[in-house]
A.B. asks: 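I am attaching a structure below and will ask some questions about it afterwards.
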Amino acid sequence: MIKTLKTLTGLSLLIGAVAACSNPAETTTDEATAEPQKVLTIYSSRHYDSDKALYAMFEAETGARLDVREAGASQLLETMKAEGDQSPADIIIAADAGSLWRFKDAGLTQALESAALATAVPATYRASDNQWYGIARRIRGIAYDPSRWDASELSTWDTLTQEDKAGEICVRSSSNIYNLSLMGEIIHRYGEESAQDWATAIVSNMARNPQGGDTDQIRAIAAGECSIAIVNHYYWIRLGASDSEADQQVAASTSFLIPEFVEGSGSHVNITGLAVAKTADNLQLAEEFAAFLLTENGQSYITRDTKELPLLASTPLPDGVDRVPTFTPSDTHLDVYGENQADAQRLFDLAGWN
Ligand code: FE
């Protein structure tokens, strides 16, 4: 069966090529009617062995070939902009709904209508116009020094604005996408004025100027520079799962909690997700690939090394992730993170959050 398909594909590609040479104007029509080639080019901002193992399984199961190109999300975005219509990209995989929104905003994605994906991915975790779909969840929360604070003193994002937190908070720069998305939801829920007040209070409670990544903020707690750090859950989990004894000690000397915005609001949730590139021509294979990532097997590999949370509730948690406290997700649609991104940066700037 697969052999027949391949033969047909080769033949129709050949016909397409001949037609393209004789009459370039007809190229588009010929390409549209040609059997699509079973190759997917993946632009991924991830770099994990468990992803590679999963891709190999997809290739073995479907006979398709995956051409995976890994780089940071902003580099992938610039590459795709430069490549334009000639981009080989079929699939974009990136962390943070706010990051996927940037690809969409730049006109680099297309909608993928899929009943299977709509069933697998809860509505809040996929773009309302189907331009991207979540494949794993990640939680921005609070790492803290448990000898200094009780979890009840840090139970909401609002508690970080209190005077007793002065000089205690470590957090990375405001241009970081995780902070922009968190701020995007605060704007959505409480309006711009309250959001700016929140950011201003955080700035006045910072222990130091924003610097480094999330892991650096957790290390700063262990080093005694601060007692509270705003970080994504998996950085804390990975420190605990690290081969390095020093890292394990950092994790062991800190605790992690998932705050609500205010009591009863639910918690800020983000995703790693997938979008179909505007330049993709084999939407059926793209859908097949996305659906594969959303099987229980796909989910366990997507989260195995990253220590993210599976999106399918039935998937067992990766090793170590059972240390993440239970939480109630907020009902905010993740479209909001991208839509409010520019406002979030503007308000951070007004608050003096570098
Ligand atoms: Fe990260």
Side-chain angles (χ1 to χ4, degrees), residues 42-52 54 68 70-77 92-103 125 132-144 157 169-185 210-221 228-242 244 247 250-251 254 256-259 267-275 293 299 301-311 317-321 323-324 327 329 334 337-338 341 344-345 348 353:
I42 316 277
Y43 278 26
S44 173
S45 69
R46 293 159 57 105
H47 44 271
Y48 295 97
D49 289 344
S50 51
D51 285 7
K52 290 185 176 73
L54 185 62
V68 183
E70 296 176 347
S74 46
Q75 198 188 325
L76 292 175
L77 182 70
I92 302 154
I93 296 177
D96 204 295
S99 181
L100 288 159
W101 179 87
R102 287 176 176 171
F103 287 89
Y125 302 143
W132 50 260
Y133 290 86
I135 56 172
R137 291 179 303 159
R138 41 194 29 242
I139 315 295
R140 198 146 188 73
I142 296 172
Y144 63 99
W157 288 114
I169 300 176
C170 281
V171 62
R172 69 201 296 175
S173 93
S174 68
S175 61
N176 172 257
I177 193 70
Y178 309 149
N179 286 337
L180 287 169
S181 290
L182 173 62
M183 186 63 158
E185 183 168 6
Q211 57 193 267
D214 281 8
T215 305
D216 298 313
Q217 316 309 320
I218 308 172
R219 292 192 204 282
I221 297 177
I228 298 166
I230 301 176
V231 297
N232 284 357
H233 82 273
Y234 51 84
Y235 293 107
W236 183 71
I237 298 293
R238 285 185 212 161
L239 279 172
S242 163
S244 146
D247 283 350
V250 169
T254 54
F256 181 83
L257 63 83
I258 300 172
S267 298
H268 177 75
V269 174
N270 214 317
I271 52 139
T272 286
L274 159 157
L293 301 188
Q299 289 283 286
Y301 276 85
I302 282 293
T303 58
R304 188 192 80 183
D305 291 359
T306 65
K307 306 301 180 191
E308 291 173 294
L309 298 168
L311 209 121
L317 291 177
D319 280 351
V321 178
R323 297 179 69 203
V324 173
F327 63 97
L334 270 59
Y337 304 175
Q341 198 170 101
Q345 188 64 71
F348 273 142
W353 187 325

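Everything numeric in this text was worked out from a predicted model, so none of it was measured. In each ligand, atom 1 is the first atom listed, and ligand 1 is the first ligand listed.
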A.B. asks: Does some side-chain heavy atom of Ile177 sit less than 4.5 Å from a side-chain heavy atom of Gln341?
C.D. replies: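 The answer is yes; the side chains approach within 4.5 Å.
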A.B. asks: Taking Lys307 first and then Asp319, would you say they form a salt bridge - that is, a charged N and a carboxylate O separated by under 4.0 Å?
C.D. replies: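 Answer for the salt bridge query: no.
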A.B. asks: Testing the 3.5 Å rule here: is there a donor-acceptor pair between the side chains of Tyr234 and Asn232?
C.D. replies: yes
A.B. asks: Think Arg323 forms a cation-pi with Trp236, using NZ or CZ under 6.0 Å from the six-ring centre and within 45 degrees of its axis?
C.D. replies: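 Arg323 over Trp236 ring: yes.
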A.B. asks: For Ser174 and Gln345, does a side-chain donor sit closer than 3.5 Å to a side-chain acceptor?
C.D. replies: yes
A.B. asks: Centroid separation under 6.0 Å, is that true for the rings of His268 and Tyr337?
C.D. replies: yes
A.B. asks: Counting no waters, how many protein N/O/S atoms sit under 2.8 Å from the Fe ion (ligand 1)?
C.D. replies: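 With waters ignored, the protein N/O/S count below 2.8 Å is 3.
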